[in-house]
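Note that the structure is a prediction, hence the values are computed from the model and not measured. Convention: sequence-line order gives letters A, B, ...; per-chain numbering from 1.
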Amino acid sequence: MNKQTTHPLKNDFFSKKITNWYLQHKRDLPWRNTQNPYYIWLSEIILQQTRVAQGMPYYYKFVEAFPTVQDLANADENEVLRLWQGLGYYSRARNLHKTAKMVVEDYNGIFPEKYSELLKLKGIGTYTAAAIASFAFGEKVAVLDGNVYRVLSRVFGEVTDISGKDAKKVFTQLAESVLPTSNSATHNQAIMEFGAIQCTPASPNCMFCTLSMECVANASGQVAHLPVKSKKVKVKERFFNYFIIEQNGIFAMRKRLGRDVWEGMYDFYLKEIEENIQDLSYLAMEDTFLSELIKESLIKRESSIYTHILTHQRIQTKFWHLEVNNSFLLHLPQELEWYNLNEVDDLPKSTLVNNYLKEYVFE
DNA sequence: AATTCGTGGCA
DNA sequence: TTGCCAAGAAT
């Protein structure tokens, strides 16, 4: 017997409860006051794995800088990344730009309306395709994000491990089973908002919850243990030594390439080592460029260790600010190029690099 | 298909 | 201090 179809909350009761709650408690967010797919898409990309409070200023910046998808498509990637600077997960910004170009070139500047068509665009996965199709075009598709996993697992007592491989199938089916025939867009907004405000990850106030009587987890005292998430992140230790090469007021920087953190962002000459050794002669071993550089420079500053925390990495970084002798003709490696202070400011940079620059270079 | 992509807030 | 994790997607 299938408990999902026999649960008392089915037959639209759950949807009605949660939609009523939403109409009374929803936040007034700018992307909720439009049906323009460009603004809705923009907000959804910004909000991927990101809190509303953190993404809000970026939403306003992007709307102002790029009022239309054509404006975004015509921008340079560096300009888009620079505006995204500080928000993290920079592939979102690169894919945002790619998709803007694709919409302009392949779709005549008109966003596709169907879930299945939206799914083909870069940076748009199952959740975002459903969100755009639902909010902008009223398609009857169920959104499934972190909020929905949490709300459904608690209310219906679904114990499937959300970090397991069959979780998506199980919860998609559950989400679809509670999706109403009409007003599915409001329902989708409602279940996410309910997860964000009422059914919060830590210590939700179930005493005042509109679903306290019907919630399986609340009845069994399992709210704090749902959803089940078994997988823990493994954090890798890394040790960076950045060399800030300055000569006559200009700086050597490079665009990060390859599949590592901060792809597309600019940084300095980097020496990554396996152990936490901060010794110049050690760092310069088997590095003819660095050896020559050190010989022809004075150390303007040797920073303390910056510990930068990412989800999967803990990066300990020392910045060596080198002032190259004015008269010396330094041959930069292929990847490095010279930039003056204004250009350095304009380039997209990681928060780690930007923090140092703000503290000691831009002043 | 398990990993890897940022950053900041919170307990 | 440490761990959790927030409107996920790409590979």
Side-chain angles (χ1 to χ4, degrees), chain A residues 22 26-27 29-32 39-59 81 84-96 98-99 118-135 142-151 161-169 171-172 175 185 188-197 199-204 224-225 227 229-236 238 256 258-265 306-315 348-355:
Chain A
Y22 174 69
K26 68 173 179 177
R27 293 166 290 181
L29 304 175
W31 46 85
R32 286 187 179 152
Y39 294 125
I40 291 173
W41 165 64
L42 180 59
S43 72
E44 292 300 340
I45 302 300
I46 288 173
L47 291 172
Q48 285 169 4
Q49 297 289 285
T50 303
R51 296 173 202 286
V52 167
Q54 193 182 357
M56 186 79 79
Y58 287 85
Y59 177 79
L81 283 170
W84 200 272
Q85 178 175 301
L87 194 56
Y89 285 154
Y90 297 99
S91 67
R92 289 184 295 172
R94 299 195 309 272
N95 287 332
L96 187 81
K98 281 181 201 161
T99 289
L118 288 160
L119 211 45
K120 297 176 182 172
L121 300 174
K122 282 288 182 188
I124 298 184
T126 54
Y127 162 74
T128 305
I132 298 171
S134 176
F135 302 152
V143 295
L144 180 60
D145 74 334
N147 290 307
V148 179
Y149 275 112
R150 186 171 57 257
V151 171
D161 186 345
I162 66 168
S163 55
K165 62 177 180 64
D166 48 346
K168 191 163 183 175
K169 187 175 55 183
F171 280 90
T172 296
N188 279 331
Q189 289 281 189
I191 190 169
M192 286 195 293
E193 188 77 337
F194 186 76
I197 292 180
C199 195
T200 52
S203 55
H225 303 296
K229 188 178 182 183
S230 65
K231 207 184 301 177
K232 310 295 180 195
V233 292
K234 195 170 164 186
V235 178
K236 181 185 178 184
R238 297 178 75 175
R256 290 178 63 85
R259 38 180 201 283
D260 195 1
V261 292
W262 304 317
E263 183 181 346
M265 310 299 273
Y306 285 62
T307 301
H308 195 80
I309 310 288
L310 293 76
T311 304
H312 291 81
Q313 301 182 27
R314 187 169 173 273
I315 304 177
K349 299 165 293 292
S350 69
T351 293
L352 170 62
V353 165
N354 201 44
N355 280 347

A/Phe194 meets the ring pair (Phe, Tyr, Trp, His ring centres under 6.0 Å) criterion, sequence neighbours left out, with A/Trp21
Across all chains, not counting sequence neighbours, the ring pair (Phe, Tyr, Trp, His ring centres under 6.0 Å) partners of A/Tyr39 are none
Q. Touch check for A/Ser43, heavy atoms < 4.0 angstrom, all strands: base, sugar-phosphate only, or nothing?
A. nothing
Contact string for nucleotides 5-11 of chain B, one letter per nucleotide 5' to 3', B = base within protein heavy-atom range under 4.0 Å, S = sugar-phosphate only, - = neither, reads BBBBB--
Contact span of DNA chain C against chain A, any nucleotide atom under 4.0 Å from a heavy atom, 5' to 3', runs C/dC4 to C/dT11
message = Before you tell me yes or no, could you show the steps for A/Tyr90 and A/Trp262 under ring-ring contact (aromatic ring centres under 6.0 Å, His included), namely the whole-Å CA-CA distance, both residues' side-chain angles and the distance that decides it to 0.1 Å?
response = CA-CA 7 Å; A/Tyr90 297 99; A/Trp262 304 317; 8.1 Å; no
Requested in this report: Measure the acute angle between the ring planes of A/Tyr58 and A/Trp84, then classify it against the limits of 30° and 60° as parallel, tilted or perpendicular.
Outcome: tilted
Hits for side chain to side chain contact (heavy atoms under 4.5 Å, CB included) against A/Ala130, two or more places apart or cross-chain, chain-then-number order -> A/Tyr115, A/Val141, A/Val143
| said: Does A/Arg27, at its CZ atom, have more than 12 non-hydrogen atoms belonging to other residues, nucleotides or ligands within less than 6.0 Å? | reply: yes
Nearest-nucleotide check on DNA chain C, A/Val233 vs A/Leu47; residue mapping nearer the 5' end is A/Val233
Contacts of A/Gly123 and A/Arg314 projected onto DNA chain C by closest heavy atom; the upstream (5') one is A/Arg314
Contacts of A/Asp161 meeting salt bridge (Lys or Arg N to Asp or Glu O under 4.0 Å) (sequence neighbours excluded), chain-then-number -> none
With a 3.5 Å distance limit and no angle check, can you tell me whether A/Gln313 reaches the backbone of A/Arg238 through a side-chain donor-acceptor pair? no
